[in-house]
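Report on the following structure.
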Amino acid sequence: MNLCIHGHFYQPPREDPISNYIPAEIGAEPFDNWNEKILSECYEPNAEAGNFGKISFNVGPTLFRWMWEFKPEIARMIVDQERENYEKYGVGNGMAQSYNHTILPLASRRDKLTQVRWGVEDFLFRFGHRPEGMWLPEAGADLETLCVLSDIGLKFVILAPWQVVGVDGSPGPYLIDLPDGREPFVVFPYRRDLSTMVSFVPSSTENGERFVSLVRDNLAARPDGLNIIASDGELYGHHQKFRDHFLSYVLNLVESETDLHWTYPGLWLRENEVTAKAKLVEPSSWSCFHGVDRWARECGCTPGAEWKTPLFSAIQTTAEWLDEVYYSKAIKLVNDPWELRNRTIKVLNGEQDIGEISKDLSLSALTTTEIELLEVLLKAQYARQRMFTSCGWFFDEFHRIEPQNNISYAAYAVWLTEKATGVAPNPKILQLFGEVYSNKTGLRGDTIFTQTLMRANNET
Ligand SMILES: [Zn+2]
């Protein structure tokens, strides 16, 4: 019986937009911040146990970037464990993730492409080989997203079972037909019952042997295909204590004694053919039963969150203004400003500088001043991508760090763009942030926006 545990490892970006450091966080004691605490409770023990070599996983690029700098030896262990599979089987067990945890069905095609390109390039930079699968933030999917993935050479995604409707009653994995002559795309629906059990019924994973017998009973009724248990990777040791040990125990059981064959999607695809067809339910996700409404407006998942619609509209208006100014300035220097933006990941990762990524796109040799202008505009485009981080809309209360951070990233992007070009921001932006407020505390979006502008003026 083919079984796979997928862990999605991710933390919202809590870096200050200006300093790019995570401020000291209450509740994380004795550590300075939550990333450090979760590293010690989850990433580190799971890496030391070798668990990253035996599950399917993705590490959010923004989290991995932090880990890479803060504890490179742990990041290295994760990469090495994945690499071993890649060298042995020609396909690794790591999946890429689009870069900033943007809900892709809510993003424009141009932003989808940037997010996916950055995610693939970042994976290649850290793991040393191209990914075959991509974890979509909140499993948010629509056909356009799958087209963008397919065009870049990706082969599969993992989705919740309610995001696909099988045509012939098969349990999956499935092929989803894509338009314009593209090959069908593979979707692995995860097992709802097993995933819910592991994620939300802690007693089911208290004892490894009992877990195995539960799983065997469950799979006896439906042994075919690849049975994926999808989970928040931080469950193993952080959200639930000792589950790093649980994971290590079950992953190392002898196959002949349990009938359980641990594998992962890329490897399973090497050994099996997918023929069953399904239709994608779009847009859809794994943690909102109203499509992807949760990340743009009030829905039944977060009733009373009236601030969500104005926040989304303020962020979108900010993006429109930033893109207008960026394009109008960059098009005088390079023939494809959006391709230049897609290449910026190489600058973020320190592989190349702006001069190098713009060389074959520039209309004529760029002067130092022109390169500096592009540098600031692209820094603003990075903050602009960050301001769409889905965590800003996940919870019901506005008075939390995640939505406030998105506003700060927006303000910083506007500040950088104005500073570099002298173009005054669209006054509608501040007005729209003024319509975002907390019913509980009265905190207003325009206050956060203005405070960030003032800090940028004082601190840089
Ligand atoms: Zn919802």
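In this text, all values refer to a predicted model and were calculated from it rather than measured experimentally. Counting starts at 1 for both ligands and their atoms, in listed order.
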Measure from NZ or CZ of R294 to the centre of the six-membered ring of F394 and say whether it is under 6.0 Å with the direction within 45° of the ring axis.
yes

Between F57 and H8, does the ring centre distance come in under 6.0 Å?
no

Would you kindly say whether N349 and R126 are connected by a side-chain donor-acceptor distance under 3.5 Å?
yes

Could you tell me whether F70 and Y43 have their ring centroids closer than 6.0 angstrom?
no

Between N33 and E36, does a side-chain hydrogen bond (donor to acceptor under 3.5 Å, both in side chains) hold up when you go through it step by step?
CA-CA 6 Å; N33 61 59; E36 291 179 25; 3.3 Å; yes

May I ask you to determine how many protein N/O/S atoms are under 2.8 Å from the Zn ion (ligand 1)?
4

I'd like to know whether the aromatic ring centres of F125 and W118 sit less than 6.0 Å apart in this structure.
no

